[in-house]
Amino acid sequence: MADNTTCSIQEALVWATERLATAGCETPRLDAEILLCECAGVERAYLLAHGNDAVPTDAWPQFQAWVARREKREPVAYITGHREFYGLDFVVTPAVLVPRPETEHLVDEVLALARARYRANQTILIADVGTGSGAIAVALAAHLPHAQVCALDASREALEVAWRNADKHGVLGRMCLVQSDLLEHLPWSVDILVANLPYVADEEWPALAPEIRFHEPAHALRGGANGLDLIRRLLGQAPAHLRPGGAVVLEIGAGQAAGVRRAAQAAFPDAHIRVAQDYAGLDRVVVVQTP
Ligand code: GLN
């Protein structure tokens, strides 16, 4: 099969799906389809409708190389170089975490808050702490035309990816990108602090998928012994950087709501604190609303 340059789309998918399944990939057929689409420059619907057509000869060597990478459990998004998040397509490199669907809840909460608390044409200042690919910051800027969004990250490589995504989606003019350890170099106080910080606890780390452990940046995932090191530090810094009536919106891991709630209450004794769940019913977002 490997040297057959005239196999059909269907045969190529069956071949790749088998290899990826054997390698332990969770969604081997879907992964194979996405990789083949990218190599052939077609949509998934095309693959399904043209299963008997030959795989374009120029797509075949790349498809084989990509399946081999995926077999080593490299995330699909690193192979293709992009991932959809909140309806937008984001450039993704191994310097940044692959944007996850559960993080869309974080964006939902910030948009709901912005629309409930601020007039439509009012300038809202937002900081996205640990922006990574910029997915959260760019999605917010794209949906809030009067927001100014500061994207912060300790990693220069991550900020370069975030810059490309802000540029790609036409929101660079309302964003600033700042290399910063949490809020250290945040240039102004903001109305909303949003963050998907590293929160994986040490004991959870060995159980994570190889895609995560061996390919994604650990410094973007690991939050110390109980996972809350960075969230706690951020909450400690937050009161000095939040405007009156401002809010802090944090992504958390399952089982962390009580600990984060306590830390938030200590930082903001008068705040109203709410926990929202993801589609799996797991606690996923903590919203700290100051009076
Ligand atoms: N939800 C992610 C995971 O389990 C963790 C994201 C994070 O640490 N911010 O892979």
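Both counts, for ligands and for their atoms, begin at 1 and track the order of listing.
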* To do: Can you spot which of E204, E251, Q256 makes a side-chain hydrogen bond (donor to acceptor under 3.5 Å, both in side chains) with Y199?
  => E251
Below 3.5 Å only, please: the N or O atoms of ligand 1 paired with protein N or O atoms, distance on each line.
| residue | atom | partner | partner atom | Å |
| --- | --- | --- | --- | --- |
| ligand 1 | 1 (N) | Y199 | OH | 3.1 |
| ligand 1 | 8 (O) | Y199 | N | 3.1 |
| ligand 1 | 8 (O) | L221 | O | 3.4 |
| ligand 1 | 9 (N) | N196 | OD1 | 2.6 |
| ligand 1 | 9 (N) | L197 | O | 2.7 |
| ligand 1 | 10 (O) | R100 | NE | 3.3 |
| ligand 1 | 10 (O) | R100 | NH2 | 2.9 |

* Fit a plane to each ring of H50 and Y46, take the angle between them on a 0 to 90° scale, and name the class: parallel (under 30°), tilted (30 to 60°) or perpendicular (over 60°). => parallel
* Is the closest side-chain donor-acceptor distance between H82 and E38 under 3.5 Å? -> yes
* **Cluster companions of L221 among Ile, Leu, Val, Met, Phe, Trp, Tyr (side-chain spacing under 4.5 Å)** => L97, V200, W205, L208, I212
* Applying ring pair (Phe, Tyr, Trp, His ring centres under 6.0 Å), name anything that partners H272, two or more places apart in sequence or on another chain. => none
Extract all donor-acceptor atom pairs below 3.5 Å that involve side chains of residues 128-151 and protein atoms in other chains or at least two apart in sequence.
| residue | atom | partner | partner atom | Å |
| --- | --- | --- | --- | --- |
| D128 | OD2 | T131 | OG1 | 2.6 |
| D128 | OD2 | A137 | N | 3.3 |
| S133 | OG | A135 | N | 3.3 |
| H143 | ND1 | A139 | O | 3.0 |

